[in-house]
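Would you mind keeping the following structure in view while I ask a few things?
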Amino acid sequence: MSLHTSVRARAPRAGSLLLVVGVSAACVPPVNPIDAPFASAAVTRDGDETFALSNAEGTVTVTGPATHVGGNTRVVFWHTNVAPSLDHQSCATWTSQSDGRNQQGAALRIQVTETGTRAITVTKNVFAGVNWTFNVHLWDTAATPGVPHALFQLELAETFVRDGALVPLPWRMCARAIGSRVEFVVWPLPGNQPAWNDPAYGGGVELPADWMNLGYPGWYAGHLEPGEHLTFKDLTPSP
């Protein structure tokens with residue numbers, strides 16, 4: 001199944017990377033409250049839907065909005081004590097979710113400027129409930145608001161479907177950006193991290209030339225309804 005599109009991405013301006021929280025037209029942060037040491041930005045947002053993020057002894061819980069607008073809000077978040085870099089890695093264990101339509105993922109080269117947010121995301125697929133497929137998207141909210149460039153998709157049914165049922169959480173994902181390439185591995189726990197080139201657990205794709213920008217390694221959460229949540233553990237960003 002091909003997800004390739006032809007969305008134009010805007011190249012970043014030199015020196016324009018800021019450590020700021022993404023804002024909507026109403027100037028309401030997309031994640032509020034948010035515990036230290038995290039910051040966040042929205043890549044899509046329904047109205048003024050606002051998530052909350054708590055950090056309790058290394059377990060991060062992202063909860064849905066207090067009131068329903070559309071359920072299509074997606075956010076990226078990152079450690080404020082990690083410097084922007086070109087080459088980096090993001091890992092996390094997904095420990096619980098309210099529903100299979102709730103979406104977890106990793107985010108790479110997160111860049112927030114005065115005009116918008118750019119990020120590379122590697123996420124669990126939620127369309128049609130096919131959760132054993134994983135997607136790589138490019139987001140540029142200034143150039144193409146709400147419309148990501150779908151760069152890569154990989155089905156891993158042999159790893160995540162057993163006896164006709166989806167393997168339950170916890171799952172762990174590691175994703176990395178190295179030069180012009182993005183790679184990821186994802187696997188059910190318990191178990192050791194597979195090799196980056198093991199096709200049973202992940203894959204990689206080349207990036208367009210205008211995605212060679214500095215940014216933060218981080219994580220992604222989306223499609224949360226009121227009262228729903230996602231939990232992440234052992235979040236490890238590295239330059």
Side-chain angles (χ1 to χ4, degrees), residues 1-12 22 30 40-46 49 70-78 88-90 92 94 97 99-112 115-157 159-161 166 171 173-186 196 199-213 215-224 230:
M1 177 179 179
S2 174
L3 287 182
H4 289 274
T5 61
S6 56
V7 177
R8 179 179 61 88
R10 183 178 61 84
S40 69
V43 291
T44 64
R45 195 169 185 187
D46 276 333
E49 272 191 349
N72 200 39
T73 295
R74 304 172 177 92
V75 302
V76 293
F77 57 100
W78 63 94
H88 50 232
Q89 176 177 300
S90 169
W94 308 342
Q97 60 190 17
D99 192 273
R101 68 175 177 275
N102 307 143
Q103 192 172 38
Q104 310 94 328
L108 304 167
R109 293 184 183 165
I110 303 168
Q111 183 187 61
V112 182
T115 57
T117 298
R118 287 164 57 93
I120 305 162
T121 61
V122 184
T123 58
K124 179 191 76 179
N125 181 74
V126 296
F127 180 74
V130 186
N131 294 157
W132 54 89
T133 293
F134 299 86
N135 301 314
V136 178
H137 286 96
L138 307 178
W139 301 87
D140 186 338
T141 66
T144 56
V147 183
H149 178 171
L151 189 65
F152 181 70
Q153 184 178 75
L154 181 66
E155 180 188 342
L156 296 176
T159 299
F160 289 95
V161 178
L166 189 68
W171 300 355
M173 172 181 279
C174 289
R176 65 183 182 181
I178 301 178
S180 63
R181 188 167 178 82
V182 167
E183 299 175 336
F184 71 93
V185 288
V186 57
W196 288 99
Y201 296 95
V205 65
E206 293 295 313
L207 293 166
D210 57 354
W211 280 85
M212 296 289 292
N213 59 270
Y216 299 100
W219 304 272
Y220 166 103
H223 301 298
L224 291 167
L230 294 167

Check: Any sub-3.5 Å donor-acceptor pair from Asp46's side-chain atoms to Asn72's backbone N or O?
Finding: yes

Note to self: Could you check whether any side-chain heavy atom of Leu207 comes within less than 4.5 Å of a side-chain heavy atom of Val182, counting everything from C-beta outward?
What the structure shows: yes

Checklist line | Partner residues of Trp171 under the ring-ring contact (aromatic ring centres under 6.0 Å, His included) criterion, sequence neighbours left out | finding: Phe160

Next item on the list: Compare every heavy atom of Gln89 with every heavy atom of Pro217, then report the nearest pair and how far apart it is.
Entry: CB-O, 3.6 Å

Margin query: Under the side chain to side chain donor-acceptor pair (under 3.5 Å) test against Asn135, which residue among Asn125, Thr123, Thr121 passes?
Written below: Asn125

Check: What distance do Asp99 atom CG and Asn131 atom CG have between them, rounded to the nearest 0.5 Å?
Finding: 8.5 Å

Next item on the list: Give, for atom CD of Gln104 and atom OH of Tyr220, the distance between the pair rounded to the nearest 0.5 Å.
Entry: 10.0 Å

Check: Taking the side chain as C-beta and beyond, is there a heavy-atom pair between Val75 and Thr73 under 4.5 Å?
Finding: yes

Next item on the list: Measure the shortest side-chain to side-chain distance between Val112 and Trp78 over non-hydrogen atoms and say whether it is less than 4.5 angstrom.
Entry: yes

Margin query: How close do Pro148 and Gly146 get, counting heavy atoms only, and between which atoms?
Written below: CD-O, 3.6 Å

Next item on the list: Determine whether Val76 and Tyr216 make a side-chain contact, defined as any pair of heavy atoms from C-beta on separated by less than 4.5 Å.
Entry: no

Item checked: Whether Trp219 and Phe77 hold their rings parallel, tilted or perpendicular, with breakpoints at 30° and 60° -> tilted

Checklist line | Validation row: Gln153, Phe134 side chains within 4.5 angstrom (heavy atoms) | finding: no

Notebook entry, point to check: How close do Ala106 and Ser90 get, heavy atom to heavy atom, and via which atoms?
Noted result: CB-OG, 4.1 Å

Margin query: Looking at every non-hydrogen atom in both residues, tell me the closest pair between Val185 and Trp196 and how far apart they are.
Written below: CG1-CA, 3.7 Å

Checklist line | Working for side chain to side chain contact (heavy atoms under 4.5 Å, CB included), residues Leu156 and Thr133 | finding: CA-CA 6 Å; Leu156 296 176; Thr133 293; over 6 Å; no

Note to self: With a 3.5 Å distance limit and no angle check, can you tell me whether Glu49 reaches the backbone of Gly71 through a side-chain donor-acceptor pair?
What the structure shows: yes

Check: Do Arg74 and His137 come within less than 4.5 Å of each other through their side chains, counting heavy atoms only?
Finding: no

Check: What closest approach, in Å, do Gln103 and His223 show between heavy atoms, and which atom pair accounts for it?
Finding: OE1-CD2, 3.1 Å

Notebook entry, point to check: Roughly how far, to the nearest 0.5 Å, is OG1 of Thr144 from NE2 of His149?
Noted result: 10.0 Å

Notebook entry, point to check: Are Arg109 and Trp211 in a cation-pi contact, defined as NZ or CZ under 6.0 Å from the six-membered ring centre and within 45° of the axis?
Noted result: no

Item checked: Nearest heavy atoms of Ala175 and Val122, plus distance in Å -> CB-CG2, 4.0 Å

Check: Tell me, do Leu166 and Trp132 make a side-chain contact under 4.5 Å, heavy atoms counted?
Finding: yes

Item checked: Thr141 (side chain) donor-acceptor with Thr117 (main chain) under 3.5 angstrom -> yes

